[in-house]
**Student:** 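This is the structure, below, for whatever I ask next.
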Amino acid sequence: MSVGRSPSSRTGRIKGRDHDWEKSLADVESLGIGFGVRDTLVNLQSRFPSGRDLSVEVFPMDADDTFGREKLEGVLGLTNWEGTTISLGIYPAAETLPRLTSAIVHEHHHHFRKQWP
């Protein structure tokens, strides 16, 4: 299992708005989100081993994404069709952390069930 970072950590321009990606990444790191993701997945893999590799990508959610923050409670999770990669979009704030664990468990389920045809 590997825990990744955003492919680009430089300040970028999204949909005509300035967004400080460096600050978002620093917030993700200061909250220990990467460690929380890793620890949750290690626990799940030890209890429910799939015998397959799993990659995890962690991306900061845009601070202006009100839908993501309000409706998705600050966490967006996707697992690819093959069940080998989990991508997480996380709003870097303390109020997101309780929702993060349940999203990781949900996405791990998609990974785990793909071991059977």
**Student:** Aromatic rings F112 and F48: how do their planes relate, parallel, tilted or perpendicular, breaks at 30° and 60°?
**Tutor:** perpendicular
**Student:** Test your reading of the model: is there a side-chain donor-acceptor pair from T96 to the backbone of P92, 3.5 Å cut-off?
**Tutor:** no
**Student:** If I take atom CD1 from residue I90 and atom CG from residue L100, how far apart are they, to the nearest 0.5 angstrom?
**Tutor:** 4.5 Å
**Student:** If you look at every heavy atom in E57 and S87, which pair is closest and at what distance?
**Tutor:** OE1-OG, 2.7 Å
**Student:** Report the residues that fulfil side-chain hydrogen bond (donor to acceptor under 3.5 Å, both in side chains) with T101, sequence neighbours left out, ordered by chain and then residue number.
**Tutor:** none
**Student:** Measure the spacing between OG1 of T40 and CD of Q45 and express it to the nearest 0.5 Å.
**Tutor:** 12.0 Å
**Student:** Counting only pairs under 3.5 Å, give me each side-chain donor-acceptor contact of residues 72-83, with atom names and distances, residues two or more places apart or in other chains.
**Tutor:**
residue : atom : partner : partner atom : Å
T79     : OG1  : E107    : O            : 3.3
T79     : OG1  : E107    : OE1          : 2.5
N80     : OD1  : G83     : N            : 3.0
N80     : OD1  : T84     : N            : 2.8
N80     : OD1  : T85     : N            : 3.0
N80     : ND2  : E82     : OE1          : 3.1
N80     : ND2  : T84     : OG1          : 3.0

**Student:** Would you say that E95 contacts R69 through its side chain, given a criterion of any heavy-atom pair below 4.5 Å between the two side chains?
**Tutor:** no
**Student:** Do L31 and F35 share a hydrophobic cluster (ILVMFWY, side-chain heavy atoms under 4.5 Å, transitive)?
**Tutor:** no
**Student:** Can you list the residues that meet the side-chain hydrogen bond (donor to acceptor under 3.5 Å, both in side chains) rule with H106, with sequence neighbours excluded?
**Tutor:** H110
**Student:** Starting at NZ of K114, measure out to OG of S50 and round the result to the nearest 0.5 Å.
**Tutor:** 13.0 Å
